[in-house]
Each structure stands twice: as structure tokens, then as C-alpha cells.
Participant: 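One structure, pasted below without further comment.
Chain letters run A, B, ... following the sequence lines, proteins first, then strands; residues in each count from 1. Values in this document were obtained by computation on a predicted structure and should not be read as measured data.
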Amino acid sequence: MKLITAVIKPFKLDEVKDALKAAGIAGMTVGEVRGFGRQGGHTETYRGAEYQIDFVPKVVLEAVVDDSQADLVVDTIAKSAATGKIGDGKIWVTDVERIIRIRTGEEGTDAV
Amino acid sequence: MKLITAVIKPFKLDEVKDALKAAGIAGMTVGEVRGFGRQGGHTETYRGAEYQIDFVPKVVLEAVVDDSQADLVVDTIAKSAATGKIGDGKIWVTDVERIIRIRTGEEGTDAV
Amino acid sequence: MKLITAVIKPFKLDEVKDALKAAGIAGMTVGEVRGFGRQGGHTETYRGAEYQIDFVPKVVLEAVVDDSQADLVVDTIAKSAATGKIGDGKIWVTDVERIIRIRTGEEGTDAV
Amino acid sequence: MDSGDTAWLLTSAALVLFMTPGLAFFYGGMVRSKNILGMLMQNIFAMGIISVIWAVIGFSLAFGGDGPLIGNFDYAFVYDIATGPGMAFFAFQMMFAVITPALITGATADRLKFSGYAAFIAIWSVLVYSPVAHWVWDQGGWIFEMGALDFAGGAAIHINAGIAALAVVAVIGSRRGHGSEPMPPHNLPFTVLGTGILWFGWFGFNAGSALAANGVAAQALVNTHLAAAAGMLGWLIIEKLKTGHATTLGACSGAVAGLVAITPCAGFVGEMSPILIGLTAGIVCYLALQLKERLRLDDSLDVIAVHLVGGLLGTVLLGLFADTAINADGADGLFYGGGLELLKDQAVAAAGVLIFSGLLSYGIAVAVDKTIGLRVDSDSELIGLDQSQHAESAYQA
Amino acid sequence: MDSGDTAWLLTSAALVLFMTPGLAFFYGGMVRSKNILGMLMQNIFAMGIISVIWAVIGFSLAFGGDGPLIGNFDYAFVYDIATGPGMAFFAFQMMFAVITPALITGATADRLKFSGYAAFIAIWSVLVYSPVAHWVWDQGGWIFEMGALDFAGGAAIHINAGIAALAVVAVIGSRRGHGSEPMPPHNLPFTVLGTGILWFGWFGFNAGSALAANGVAAQALVNTHLAAAAGMLGWLIIEKLKTGHATTLGACSGAVAGLVAITPCAGFVGEMSPILIGLTAGIVCYLALQLKERLRLDDSLDVIAVHLVGGLLGTVLLGLFADTAINADGADGLFYGGGLELLKDQAVAAAGVLIFSGLLSYGIAVAVDKTIGLRVDSDSELIGLDQSQHAESAYQA
Amino acid sequence: MDSGDTAWLLTSAALVLFMTPGLAFFYGGMVRSKNILGMLMQNIFAMGIISVIWAVIGFSLAFGGDGPLIGNFDYAFVYDIATGPGMAFFAFQMMFAVITPALITGATADRLKFSGYAAFIAIWSVLVYSPVAHWVWDQGGWIFEMGALDFAGGAAIHINAGIAALAVVAVIGSRRGHGSEPMPPHNLPFTVLGTGILWFGWFGFNAGSALAANGVAAQALVNTHLAAAAGMLGWLIIEKLKTGHATTLGACSGAVAGLVAITPCAGFVGEMSPILIGLTAGIVCYLALQLKERLRLDDSLDVIAVHLVGGLLGTVLLGLFADTAINADGADGLFYGGGLELLKDQAVAAAGVLIFSGLLSYGIAVAVDKTIGLRVDSDSELIGLDQSQHAESAYQA
Ligand SMILES: Nc1ncnc2c1ncn2[C@@H]1O[C@H](COP(=O)(O)OP(=O)(O)O)[C@@H](O)[C@H]1O
Ligand SMILES: Nc1ncnc2c1ncn2[C@@H]1O[C@H](COP(=O)(O)OP(=O)(O)O)[C@@H](O)[C@H]1O
Ligand SMILES: Nc1ncnc2c1ncn2[C@@H]1O[C@H](COP(=O)(O)OP(=O)(O)O)[C@@H](O)[C@H]1O
């Protein structure tokens, strides 16, 4: 099993989710995060004081999938999350040794 | 070392934490996330417009543990997080190459 | 590629970010989490009822880096995040099989 | 009616109306985030349903005719009010009728079925509130006749709503997880905001009850403020002694306790009395919380400890502190040479409201529970009222 | 001026001013979190710019002289007002001038360029609001002369702002993602808070329009409250029937619909009329939402369905419900023996405001859009107004 | 007292009380989320402690007797007030006494020890506020006698609290991380809410200071509003020029600056003067922020730039703009043929308050710091006031 982690632009989440659904991915977990990267941040002004805000809001998406599906999932996310503008984010893949569905105790492919 | 990641129902967090504590787990980190899966979401109504909300609130829990403890931890979480109803969540295990306690610089088993 | 995950004290984030930047790390992703550990929590009082709050606010920082940089990154975080007081947090390292920059499709070293 | 008096009565009516959203936030800040809309909704819904009922029948049952127990239908459907008691008085009293059942929602937080709640307060307002308001404020009402005093609703409002809250809690039981799970307030700034609005609005509540812009109104306003202030201090002092901390929620709770206790007394006492009454209320209501723990009663946001106990306290203390030098239309309490007479009347009035409202409220709650249902099912409670009752989420990232 | 009347008029001015921040939160709770400051800012900015314009020229154009179409410069720069119409009247009217353009911001949420918005409301206030206020409230204004009634601004404010909102939306188009992305409210408690403040402030708005602390003011206050209450119930009933849920946002929306509809009627109707007007408004405004869906118009927060439709409804219903037994300065509507006369006048007044304000607002919007620009660019919209227009973030962890 | 005047004075007292929770939110929105309850608590606690002190001794020291420097004990323990100055006046003044020390909390944000703060404001109210209020408003007070004018507290409140804030900051030092860490506001909508409440309440503050519902009150209300509006515009214009953005926080800050500056002038100036005063205040207070940067002073939420500078500005500008055509009880300033006389008196009054309050406030702060401690320890500051001082969390998921 593989864990696919993708950091994407927040307003792209719905599109990515729909694309993954269409690609047959049944489950995923997402969280709100802040990213630091080439995109750079922005300045905010409070009573004349300017703050450099380095972090931009991002969404992180995690999905555990069968080895066989990993490439498809990566491609699907890459395609649906892209705007072509800086800050689109990253996808990375790590190996998962074991996965279990809490409700049933099923493991492996049956669990995702 | 293994990293155990569990996505569970938010109201189960206290129970899981207590069970892990009882099982001798000294540390963990949790975050608020939203999950998409079989459980499905719900509809919300705003001025006559209905929205399908696909994501449901979940809590993600991460604990790095000794290889020897991994199975115990997985079992403990699986047991304490289960309600038997759809949406109970997943647990997955990945391999950790190195762990360090920031305060002391200790590594490995001493660090968790 | 390696994924470095660090759980640190929230008020240390700026320092850690600056140190990583200085060390040549171009990107990272951070989230708000709550930690359970040796540090213990605190009690809160609401109308005479005392609650034990076990979790303390932490920040989790994730950076995918070249294998060659992993040790430098771990050291940099360890140094800049340390206060010497309990609760400074952990750093762990896992292996990343693949990484891709969404915007360009670049992979590997070029993608981080 | 004099233009100055009218100006003050209309202003007061507006202030009292504003208290209901204030109460919504006072309570709403204390619930868990999944139940905030449920709480706000219960409160503002009272502004809708009770107002219409009041216009149709409630006011007339409270202030029509001069029988000892209940009014009549003379003013039903807003008939003849402008030429009779006057629209300003009608408006002012309407706002009292609205907030009284809303007070109950603090005790029943996080578990009321919305439709059952709607039915309950509608029936309760007609069967319980209107008669009690008649007893206390109508010239013919038996409590008024007896000589008991209730300037702005210690008995008619706080004892009444407080005991009704107890009755409803007895019927619906505790929140799921009560006593085992922590359920800390989700947004205390909202509670502070609500407290600010309540304090502000209470000037209309109490000083408006003079029904004129005169010295009694000014005295009532000062008393209201000083009791709130002293209530806050009383609560904070004992809290600090007992737990080592003076909390923000404690400051808010103590202020409200002081405000509740001064309500029956506001236009009848003077000088340092409001400070003594407020201080006592802050301390006693804090101690009453412990009682709740012992009763294992899930009065979730402490309506009983604050409104019932505070209302009883104020009603009884008036028997000690009332002073005709302050208000000739009042009476003298024990400390001002009036003997035990007033104290006795106050106790009888309190007991009368306690028994009547307690029994009837329980009956209505049981009836609604058996028919429509007064409590949500377990899953709905787990998901929270916002989603289960109203298909809404309060907050989005 | 009598001290009681002055007290009430000053109080009312204060209450009406408070409505603008209330409106800011009512709307602000409904937008996405990246646009909350943009929304709040647009509203409070109206308190700044419009007030100054009003002092310089707006009041004089509305209330100077007695021509049928527009005032004159007699009171420009606050000249002679204290000895003429009086500062209290000036203050009260100023607060109306402030909130009217602010109403528009609900329709145009999440996409207005701040500088363009500032220019738009400044020009609009002078060219549209002042003349219409003159028509309706100045003794010489053609609508006033004709005999149409508008107690507190059904035509002058709600129809006026509502049709202007439609015009601006026609110029700027829909939000990016409208109809495809869900855009749920980010903080409904803020909307409830705004509703509470609006309801409270509306007592000043309507009952203050009696310009005296008398029986008409009291009647107007009661009517205002009952219409809000009935509006809430009307909306909730039909919403429950149609979607299966009674929502918190629905309760707030219905109350505002009732308040809008009663605005022109407040001092002219009595007894159960406000309840019937409010109930109708709650139902009709809810149904008007569907219309919007069909028009594929992005009236983002339903200014048209609530203020335009509600304002039209109230203006026309007054032709049915007006009753000289309530207010001798009014007229009798169809149901009170007045025949169709008033109804016709009301319709003409509504049509006059609709056409004038619609066309002129559209023209101003186009002009501003062509010069300064009235809509942010696509990237700025994506980032949100808070950051793109104001370089601020509303919330920090 | 006339019923209309009483109605207005009671309404004003209520409005001024509401300002303190408003201030709490104005400041509270600007602090980091770990300190929000600490900030709210400091403000509402002033409503508790100061009110009781005021009743016991404060009012009497301010308004008893006719000495030049301080009052006496005639009205201590609320004695004789009802038959003397009147409860309405007592109530109104009490609300001023409450909010004045609360103003200080903006400068000392995020680092005050609660017990030390409580002691400080209690002592400060008696030793500093009561005497200064006596000087300025009591017929015998030396500033009043001299002929300086302070309609609603430019010197007595804003200069007084502003210089006291500076003194306390000098004693406690800067926030940990000041100048190195960014500390952006955690909830700007709360700041906007606070601004709305402050603006609303300020009508009571200034127009209530006429102590009657008359033309002066109406003029004061208009001036208050126009100065707030112009203050907002002034700040936004210079901010836009200097940083390229007009911010929401800037709009709020400018409005408050305008309100502060108009406070001493409210009932003494007319026509376009309030707009000029407000505009100047918006610009000058913005520029005063830069000064702070240069002083490396951690006046955390700009109490000095807004209240001290704004208060000084208004006090001095009154020497230019005062006009007896507006208020015969006032005087003529330089621009209205009064020569330099008034300007000189205003300057002397300002200087007197500056020196007295500055020195005494510093002394009290040092004394409290040496005994109870006025600043939290470093760890408590890091954890935040909510948890370290009050054992509470403001928000829960
Ligand atoms: N090395 C990294 N490890 C983890 N997350 C990263 C890394 N680099 C970038 N990110 C995340 O990806 C986001 C986008 O990266 P950025 O460099 O701004 O643009 P791009 O992906 O277009 O090159 C960042 O905001 C951050 O959340
Ligand atoms: N493949 C997956 N990868 C990551 N998280 C998942 C995956 N599938 C499900 N989840 C998480 O687990 C939660 C529960 O899954 P769901 O399919 O709804 O029910 P169940 O676990 O009972 O089968 C989801 O809400 C989501 O957060
Ligand atoms: N085994 C673990 N797995 C994951 N996170 C952990 C683990 N142990 C501790 N943590 C995280 O590290 C934080 C600090 O740990 P703690 O034991 O309190 O102090 P220290 O790191 O100084 O030993 C915790 O709050 C938690 O977020």
C-alpha cells in the first residue's frame, strides 16, 4: 500500500476530490495547513506596521491506496490540482506497511 | 520505529487517548481533519439552497512507537475507536528511519 | 528523498522557519496540532468545575528534502526549536519514494 | 402619557428586546460548537413565536380584567390596547414575555428537539407565564393584592423560568456524556458579549419597570448596575478562594447573578443595599453550583443556580431591604422597620410561583415529550443540534 | 421641541446608527472567511463617507426648499439647521442616509473593488438617495404631495437600495464560481448577532419616524416587533414545508423580511395588521429566492429577495391595511374603507422610485466601472477581498 | 428633573456602560488569541470594581463640596445623592469612571498580572480619576473655575487615561517578543464590533453630557457622529497614501480618533467644525503611531497615539473652534473672535492633567509592581493570560 500526500491550493480541493472519486478512490483525509515555498507570502498592514506573512493557506490531502493505483492517483491529483501558477503544491508517495479499517478490522486492500 | 497514523471519530479521541496511555504509550500528536469515505456527508440548507457536504470532521492521531509496540498500539486504537458504525476510520503504519527528541537530542527508543 | 516531520512549540515556528531558510530549504508545510506527552497539560476552571486539558498546542512541520540534506535539516530544526524545557517536541524521518511538483510535473530533487 | 415617560418606556422596551439575542450569545458561547446554532435559534425563535402569542392572547390573559388568578380576553388580538393600557406598556411587557421562556434553554442545552421546544414554550407562555404575570403585576392579582413586591420580575420571571427549567431537565435527563466527558465552552468571548448586552439591556428591564422617567427609574438603574458589579465581585472572590483563579466566565456569571437578584428589588431599595444584595447573590449562586454537582442534575448552563436561586434570593432579601424612603409605593422590610410582614409575603409569593410553575411546567414537558418528543435521539445529539435540527453548520474555514 | 420628543429622537438616531454595524455582521457572517473584512469595511465605510456628504450637501438636497423633485442648498455645510429643521432631525435622517447604500453590499458581496465602491456610494447618495428622500418625506416632494405614504422608508430606502443592488449586479456580474462552487456562510453566529442588532435598531428606525414620543411611536414600535416576529414564523413555516428544516439563517432572514415590509406601514396600521404583513413578507420573500435561482442572478446575500421584494410588498400592502383610526395623519386603505385611492398612490410611488433609482443606479455603476473599476480582478477575488483590498487577515490562530 | 431630560440621561448612562464591553472587543480583537480573555476580563472587571468604589467613595470625592482640588465625603456610600445631585447624574458619571481606567488596558495588553491590575485601577480611580473629574466638572474645580471647557472628558478621560497608560508601560516594559515577532490581531471582526458599540455608546457619552434632552444634546450628537466619520476618512486617506491600502482596522482606529478628539468639544462647536476636528484627529493620530515606533515604546494597542494625542488635540482645538452661538454656556475660541484666552486655558488644563496624572499614575504603578507585582512572569506571558491568569481557554474546536 502507498500513502499519497498532496499539498494543494485550497480552492482546488473540490476539483481534486471529484477527480479522485471519478478515478475510483473511495476515501481520503484532508487538513488545513500553511505552506512556505517559492510562491512567497504577502504583506499585511496593521496601523501602519507592515507584516510579512510567509505562509500561505494550503490544503493537505492524504490517501492510502493500493500499490497498483498509486501512479493513477498521483497523476489524477497532479492534473486536477494544477493551475500552472506558482504555489500549486507537491505530491509525495511513501510506503505503508499495514492498513486496517477500524470498523471491521479488515486489512490491506479491503481496508481502503 | 513505526509511525502509526489513525483517522478516527472526534468524540472517540478521549477514549483512544486513555486506552493508549493505559497501554503505556507516552506521547502522541493529534490534529483536526476532514474525511471523505463510505460514510458520506450530509446536506445543509442555506436560504433554500441545499449544499452537499462531502467531508465529515475527523481527528487524526500520530504516534511514533518502537517496532515491538506497533501491533499493540494498532490493536488498542482499533478497539477503543470502534463504534461499529460506518466512518470509524483507518489506521496505517509506516516505517520511521530516525526519531529525535528535540529537548535532549536523544534518538531512537529513548526519544519516544 | 526523505520526509522530515517535526512537532515543535508554536512560538518557535518563526525561528525554525528562518533557520531552515538560512540552511537552504526552499519549502515546507506546517499545521496546527495538539500534543500529548511528558509535558502534561493544565487545568481549566469553568464555574467551579475543573477540567484537565491533556493536550497542548503544537505545530507540526513537514519538509521533503534530498537524502543528502536530511541530517542537516534535522540538526537545524533540533537546534532552532530547542528551549531545553520539557515539551520541545520530536523530529522523525521517513522515506519518500517519489515526489512531484504539481505546477511543472518535475520529479525528485527538482521538485522540492 | 407624558412624552418623557413614553420615550423612556419605548427605549426600555427596545433594551429588553435586545436582551434575548444577548442571552443567546451568553448561553451560545458556553455550548460546544456543534450546538451553537441550536442554542441561538432557540432563543431568537422565542422572539418570533412568543410575540405573536402575546399579541393574540398572552397580554390579555395577563393584564385584562382584575380577577385574582388570571386575566380575560378583553385585549385579545391587540384589541383596545392603544386606548386602554397603551401600546408602550404592551410593548414593554411583550419583551418580558419573550425572554422568560428563553431563559430555560440554558438548562436544557444541547439536547432539545426543536419542534418539541417550540411547542413547549408556546404552551408554557399561555398556561404558566401569563397567569403568573397577572398574579404579580396586575392590580387584581393575588400576589399583588397580598402586598408582595416584585419590581421587575424576581418571581414572575426568574423563579418562574428557573423552576420550569428544573422541571424540563427532570423530564429530558442529562446530556449524553454528562459527567464523563469534558464539555468546555466553545467561545467564551461570545459569553462575554452576551453578558455585556444583558447588562446593558437590564437597565431597560429594571429601570423601565418604573413605567416613567422619574427618580424611581434612576434609582432602579443605579441599583441594577451596582448589584451587577457587586455580584461579579462576590463570585470572583469566592471563586478565587476556592479554586485559586478568578475567571472571565466567573465574572460574567456573578454579574448575571447580581442582576437576577436585584430584579425584584430594583425600585424599592437604596444606598448600599444593592451592593449587599449583589454581593450575596454572587456568593450564594456560586455555592449553589456545588449543590447541582451533588444532585447529579444536568442543568447544563446553570439556570437553576443563577436564575432560580438568584430569583429566590432577591425576592426574599427584598423583605429585608425594602425601604419606603426610596419608594413610597413600596413597603418597609425588616431592616427598615417594617417587621416580618413583607418578608412573609415575599416568601408566600415565591412559594406560590414555585409550586404552580413547577408542577405545570413538568406536566407540559411530559405531555410534549409523549407526543412530539422533547429530546433529540442519541445520534442527533452526537452530531449536534446545528446539523441534526437545522441542517446548518455554524462555522466554515 | 419637547424634551421627551428630543430624547426619543436622539435615542432613535443612535439606534439607527447602530444598525449599520449590525448589517455589517448580518452580511459578514454569510460571506466566506476571506471576504469578511471586505464586507465589514464596506458597511462601516458608509458611516464615514456618507455622513460627511450628508452634512455638506445631502441633507440640504433632501430637505431644503419645497420643490417637487429635489431640495436646494439652504442647509449645505450644516448651515442654519439648528434653527431650522433642528439638529435632532438632521441626525436622525443622517443615519438613514448612511444605511441605505450599505444595504446594497449584500448583493455585490465578495467582488467589489473598494475604491470603486467608495465612489459609487458617494455619487449614488447625492444623485439618487437625496432626491428620493425629498420626494417621499419633504412636504413639497411629489410622492408626498400625491398622498402616498411611506412611514419609515419602504420606498425611499428598501425599494431604492434593492433596485440599485439589482442594477449594480447587472453591471458587475456574478461571483467567480457562482452556481458551481458551494459558498456557505462562514460564521452564522455573526449573522444572528447582526439580526439582533438590526431588530433592536429598527425600533429607532420605525418608531423614531414618528418624530415624537407619542402614541404613534408606540404603535410603530409594536408593529415593528410583531412584523419581525411574524416574518420569522412565515419564513420558517414555508422553509420547513419545502426543505424539511427550519434553519437559523431562515429565522434571521424572515425577521428581516418582516422588518422591511413593515417599514412603510409602521405608524399607519394597527391591531393584527402587522402580523399579517410580516407573515406575508416571510413567505413571499422566501419564494422570491427561487426567482433568483431562475434569473441566474448572483444577488449574493439576497438583497433583492428581501429588500426589494419586501419593500415593494410593504409599500403595496399599506394600500390595503392603512387605518386612520390608528393615525389620523395617514389614510385609509382598501380594507378600511379607503377604496383603491391609496393603493394606486402606493403603486405609483413604488414605480417612480423603481424606475428612477434603477436607471440612475445602473448609469452610475457603468460610469464607475468604466473609470475606476467596480469589480476586482479575478486573482484578487480568489485571494479574497480582505487581503487584496485591505492587506489584512480577519483571523489568526 | 424633567421626564424628558431624565429619559435621555438614563438612556445615556446605559449607552456609556455599553461602551466598556465595546472597548473590550475593540481591544480584544487586536490581541493574540491566547490573551483575548485576559483583555476582556480586564475591561469587564472595571465594571465591577470601579462601580463599587464609585458608590462608596469615588463620586463623593469627585462631586461632593466645592473645593478647587478635591471633593469631600458628603455623598460617600450613596448617601444623600437622590435628594442632592440626583441618581441619574450619579449613574451617568459612574459609567465614565468605569471606562476611564479600562482605556489603559490597550497599552498594557498581554502582560498585566490580574491581581496587580485590579489593585492598580482601584487605587488609580480614587487617587487620580476622582480628583481630575472634580477639577474639570465640579463648579468649584480649578479647571472649571479657570474657564477651561471639557464637554465630555477630553482632559478628564482621554488625556488622563492616555498619560496613565504611558506611565504604566514605562513601569512594566514591552511585551516579550515586541519588535521581533509579528503579533497581528487575532480577530478583526471583534474589533469592528467593538468600534460599532463604541460609536453607538459615544452618543450617550457626549450628547448625554448636555445633561438634558435639548438642542445642545442634539448638536453634541451630530458633532460626535461627524467627527467619527471624518476621523475615519482622515486616517484612511493618509494610510492609503503611506501604505497603499485603506484598512478595516484603519477605519476603526480613525473613527475612534475622531470620537476622542470631539469629546471635549462636542457641545461647544458647530457647523463644519466637527468635520475639521475629526479629520485632523484621523491624520494626526495616524502620524503619532510613527512616533511610537521611534520611542520603541510598547504601547501595544495605541492608547497613546489615539487617546492621549487625540485627547490633547481635541482639548486644544476647542480653543480654536468653540462658538458661543452654538452654546451660550461655552466660550468663543480663536476662530470665533474669542482671542487666545480659551486656547491658553485649554492648554493649562491639559498640562495640569498631564503632569498630575502622569506622576501619580507612575507612582501607583511602581508601588503596585513592588508589592503585588504588575506584570506576569515570562512563562505566564508565553502561555498567555487566558490560561495563566484565568485558567480558561477562549475557544474550543
Ligand atoms: N520541500 C517541501 N516539503 C514540504 N512541502 C513543501 C515543500 N516545498 C513546497 N512545499 C509545499 O508546497 C507549496 C507550494 O510550493 P511552492 O514552492 O510555493 O510552489 P510550487 O509548488 O509551484 O513550486 C508550499 O506552500 C508548501 O506548502
Ligand atoms: N484511502 C483512504 N486514505 C486515507 N484516509 C481514508 C481513506 N479511506 C477512508 N479514510 C478516512 O477514514 C474515514 C472513514 O472512512 P469511511 O470509508 O467513511 O468509513 P469506514 O472507515 O467505516 O469504512 C474517512 O472519513 C477518511 O477520513
Ligand atoms: N511518540 C510520539 N509520537 C508522536 N508525537 C509525539 C510522541 N511523543 C511526543 N510527541 C509529541 O511531542 C510533544 C512533546 O513531547 P513531550 O513528551 O511533552 O516532551 P519532550 O519532547 O520534551 O519529551 C508532544 O506534545 C507530542 O505532540
Side-chain angles (χ1 to χ4, degrees), chain A residues 1-10 12-13 15-16 19 29-41 51-62 65 67 70-97, chain C residues 1-8 10-34 57-67 70 73 76-77 80 92-112:
Chain A
M1 310 294 294
K2 302 291 173 196
L3 167 65
I4 321 280
T5 303
V7 177
I8 61 172
K9 289 186 168 163
K12 277 290 188 179
L13 176 61
E15 229 167 295
V16 172
T29 300
V30 307
E32 318 288 328
V33 292
R34 292 176 289 149
F36 174 86
R38 279 168 189 75
Q39 184 186 357
Y51 290 124
Q52 176 60 26
I53 307 293
D54 282 325
F55 290 101
V56 281
K58 299 280 169 194
V59 159
V60 64
L61 182 157
E62 293 187 324
V65 300
D67 292 9
D71 286 350
L72 170 69
V73 168
V74 169
D75 288 355
T76 305
I77 297 176
K79 221 169 285 165
S80 55
T83 67
K85 290 202 193 139
I86 202 160
D88 275 353
K90 318 279 172 195
I91 309 168
W92 61 80
V93 181
T94 54
D95 192 58
V96 169
E97 299 185 345
Chain C
M1 310 293 298
K2 301 290 173 198
L3 167 66
I4 321 280
T5 303
V7 178
I8 62 173
F11 74 95
K12 278 289 188 179
L13 176 61
D14 271 323
E15 229 167 295
V16 172
K17 179 205 67 190
D18 291 340
L20 285 174
K21 217 161 134 185
I25 297 306
M28 68 193 90
T29 301
V30 307
E32 318 288 328
V33 292
R34 293 176 288 149
K58 298 282 169 192
V59 159
V60 63
L61 182 156
E62 293 187 323
V64 178
V65 300
D66 244 21
D67 292 9
V73 168
T76 304
I77 297 176
S80 56
W92 62 81
V93 182
T94 54
D95 192 57
V96 169
E97 300 185 346
R98 191 181 161 193
I99 173 153
I100 174 170
R101 161 174 288 130
I102 293 174
R103 173 165 47 98
T104 58
E106 288 161 292
E107 300 228 3
T109 311
D110 295 338
V112 299

Participant: Given the options Val64(C), Leu61(C), Ile99(C), Ile102(C), which has more heavy-atom pairs under 4.5 Å with chain A than any of the others?
Facilitator: Ile102(C)

Participant: Give, for atom CZ of Arg101(C) and atom CG of Asp88(A), the distance between the pair rounded to the nearest 0.5 Å.
Facilitator: 10.0 Å

Participant: For chain C, which candidate among Thr83(A), Val7(A), Ile86(A) shows the most heavy-atom pairs at distances under 4.5 Å?
Facilitator: Ile86(A)

Participant: At a heavy-atom separation under 4.5 Å, does Ile4(A) approach chain C through its side chain, its backbone, both, or neither?
Facilitator: neither

Participant: Could you tell me which portion of Lys85(A) (side chain, backbone, both or neither) has an atom closer than 4.5 angstrom to a non-hydrogen atom of chain C?
Facilitator: backbone

Participant: What side-chain donor-acceptor pairs closer than 3.5 Å can you find for residues 17-32 of chain C, not counting sequence neighbours?
Facilitator:
unit_1: Lys17(C); atom_1: NZ; unit_2: Asp54(A); atom_2: OD2; d: 2.6
unit_1: Lys17(C); atom_1: NZ; unit_2: Asp14(C); atom_2: OD1; d: 3.4
unit_1: Glu32(C); atom_1: OE2; unit_2: Arg34(A); atom_2: NH2; d: 2.8

Participant: List for me each residue that meets salt bridge (charged side-chain N to carboxylate O under 4.0 Å, His left out) alongside Glu62(C), sequence neighbours excluded, and say none if there are none.
Facilitator: none

Participant: Within residues 103-112 of chain C, which positions have a heavy-atom distance to chain A below 4.5 Å?
Facilitator: Arg103(C), Ala111(C), Val112(C)

Participant: Under the side chain to side chain contact (heavy atoms under 4.5 Å, CB included) test, which residues partner Val56(A), sequence neighbours left out?
Facilitator: Gln39(A), Lys58(A)

